[in-house]
Peer 1: 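Have a look at this one.
Every chain is numbered from 1, with letters handed out A, B, ... down the list of sequences.
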Protein chains: 2
Amino acid sequence: MTDMDERFYKIGEVSEMLGIEQHTLRYLENNLKLKIKRDERSDRIYSESDIETLKLVLKLKEKGLNTTAIKLALENAEETEETGMATRTNNTDLVELVSVARKIVEQNEELLKQNKNMEKRMEKLEEKIERRNEEREKKVQEFLDLWKSEQGSKNKSWLSKLRGK
Amino acid sequence: MTDMDERFYKIGEVSEMLGIEQHTLRYLENNLKLKIKRDERSDRIYSESDIETLKLVLKLKEKGLNTTAIKLALENAEETEETGMATRTNNTDLVELVSVARKIVEQNEELLKQNKNMEKRMEKLEEKIERRNEEREKKVQEFLDLWKSEQGSKNKSWLSKLRGK
DNA sequence: CTGCACCTGACAACAAATTATCAAATGTAT
DNA sequence: ATACATTTGATAATTTGTTGTCAGGTGCAG
């Protein structure tokens, strides 16, 4: 819980690490209803904890449990993980933990707000750039047209016209 | 729990009661390592509790558990029966902690998503600017080309005029 | 002795779970 | 353009789990 592990593995790597085929990984994901995250390309990305889970799954498979049973076992494991902390920590620790967690939540809320602000700013920036581009575009185009037409008709002093404008 | 547990059933009866074939009962006995008593003739005799166990087994089978899993489940069932299984203390704190933790995870996921979106948008913005620049570049180039050709043919002196200004 | 209800073990038949393979599509990098 | 690592879905092949059947045995009641 202390480790915010940002390391993610792709299916090929996991397959290598655990010695099971990719299609088996996908099969397990479907059957056990594991929720493996995806990246922008919707490729699976496995977190360390996912891999721990998979290791457990493999052990249970070794023991001869079918996926239905493993599913239940995983639920239990999660529960005992949660409750396991209670048996090991006394109340004061727990209270402290909760308060720290609360702080994190606050911070996260702050971050969320900031992100939203940034998004808004981005939008404005996009608009601005868009407008500016169009303007420039227009000007250059105008100028070019003007000059072209000038060329086409006569060779009057386009420069003076420009000046006049 | 009472001492009036002396009622025993033979395999035929049990088969009738539970609606499963005799050979299936034998199969389950072997596979689940149930310890069914025998009488003098070494015929199986099923106690009420054996039948309860079998009912449980059937339920678990319905759920899709294989015999290996059911074996484990039976062990667990016995344990919780024996110990009476005191339910968790500190439940409230724990529940709260878990719920807060869940929130954190959710928020983090949200943050991650937002960040990714922003990144994408940034990239797109960059591309856009790039494209615009290129276009403009082209137009200016066009203009310059025209200008040059103009210079080549007539108006030699426009440059000096421009300088003069 | 015969029939019945049970026993065992081996094996066949079926069902379900698991693993493997294929085709088509996508995005990325060289 | 090509190669590569993914994705999904469908389907085949294989393994494992479960149920059914068969061929003998034992004991005992009628």
Peer 1: Would you kindly give the CG-to-P distance between A:Asn30 and D:dT8, to the nearest whole Å?
Peer 2: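 About 8 Å, once rounded to whole Å.
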
Peer 1: Are the side chain of B:Thr53 and the backbone of B:Ser49 linked by a donor-acceptor contact shorter than 3.5 Å?
Peer 2: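 Here the side-chain-to-backbone pair exists.
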
Peer 1: Show the nearest heavy-atom pair for residues B:Ile11 and B:Leu25, with the distance to one decimal.
Peer 2: CG1-CD1, 3.7 Å

Peer 1: Quick one: is C:dA5 close enough that its OP1 or OP2 comes under 4.0 Å of any side-chain N or O from B:Arg41?
Peer 2: no

Peer 1: Figure out the CD1/P separation between A:Ile11 and D:dA5, and round it to whole Å.
Peer 2: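 Going from CD1 in A:Ile11 over to P in D:dA5 covers 13 Å.
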
Peer 1: Just the rounded figure in Å: distance from C1' of C:dC6 to OH of B:Tyr46.
Peer 2: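 It is 11 Å, rounded to the nearest whole Å.
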
Peer 1: Need to verify one output field. Residue with the more 5' nearest nucleotide on DNA chain C, B:Gly12 or A:Leu28?
Peer 2: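 Nearest-nucleotide comparison on DNA chain C picks B:Gly12.
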
Peer 1: Would you tell me if any nitrogen or oxygen in the side chain of B:Thr24 comes within less than 4.0 Å of OP1 or OP2 on D:dT18?
Peer 2: no

Peer 1: Nearest whole Å is fine: how far is D:dG20 P from B:His23 NE2?
Peer 2: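 Roughly 4 Å, once rounded to whole Å.
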
Peer 1: Please check the phosphate of C:dT8 (OP1 and OP2 only) for any side-chain N or O of B:Arg26 closer than 4.0 Å.
Peer 2: no

Peer 1: What is the distance, to the nearest angstrom, from the CG atom on B:Leu32 to the P atom on D:dT19?
Peer 2: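 Taking CG of B:Leu32 and P of D:dT19, I get 11 Å after rounding.
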
Peer 1: On the nucleotide C:dT19, are OP1 or OP2 found under 4.0 Å from the side-chain N or O atoms that A:Lys61 carries?
Peer 2: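 For C:dT19, OP1 or OP2 has a side-chain N or O of A:Lys61 closer than 4.0 Å.
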
Peer 1: From C-beta outward on A:Asp43, which listed nucleotide comes closest to its side chain: D:dG20, D:dT6, C:dA20?
Peer 2: D:dT6

Peer 1: Could you tell me whether the phosphate oxygens of C:dA5, OP1 or OP2, come under 4.0 Å of any side-chain nitrogen or oxygen in B:Gln22?
Peer 2: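 For B:Gln22, the contact criterion (side-chain N or O under 4.0 Å from OP1 or OP2 of C:dA5) is not met.
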
Peer 1: Is there a side-chain contact between A:Arg44 and the phosphate of D:dT7, meaning an N or O under 4.0 Å from OP1 or OP2?
Peer 2: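 Affirmative; the distance criterion is met.
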
Peer 1: Please report, rounded to the nearest Å, how far the P atom of D:dT6 is from the NZ atom of A:Lys37.
Peer 2: 19 Å

Peer 1: What is the separation between atom CD1 on A:Ile36 and atom C1' on D:dT8, rounded to the nearest whole Å?
Peer 2: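 These atoms are roughly 17 Å apart.
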
Peer 1: Do A:Lys10 and A:Glu13 sit within salt-bridge range, that is, some charged N less than 4.0 Å from a carboxylate O?
Peer 2: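 Salt bridge flag = no for A:Glu13 with A:Lys10.
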
Peer 1: Should A:Thr67 be listed as having a side-chain N or O under 4.0 Å from OP1 or OP2 of C:dT18?
Peer 2: yes

Peer 1: Over how many whole Å does the gap from B:Arg38 atom CZ to C:dT8 atom P extend?
Peer 2: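 Whole-Å distance recorded here is 5 Å.
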
Peer 1: Please say which of A:Glu16, A:Glu48, A:Arg44 ends up in a side chain to side chain donor-acceptor pair (under 3.5 Å) with A:Tyr9.
Peer 2: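 With A:Tyr9 as partner, A:Glu16, A:Glu48, A:Arg44 yield a single side chain to side chain donor-acceptor pair (under 3.5 Å), made by A:Glu48.
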
Peer 1: Within the structure, does a side-chain N or O atom of B:Tyr27 lie under 4.0 Å from either OP1 or OP2 of D:dT18?
Peer 2: yes

Peer 1: Which one of A:Lys35, A:Lys71, A:Arg38 satisfies the salt bridge (Lys or Arg N to Asp or Glu O under 4.0 Å) criterion with A:Glu29?
Peer 2: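 Looking at A:Lys35, A:Lys71, A:Arg38, the match for A:Glu29 under the salt bridge (Lys or Arg N to Asp or Glu O under 4.0 Å) is A:Arg38.
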
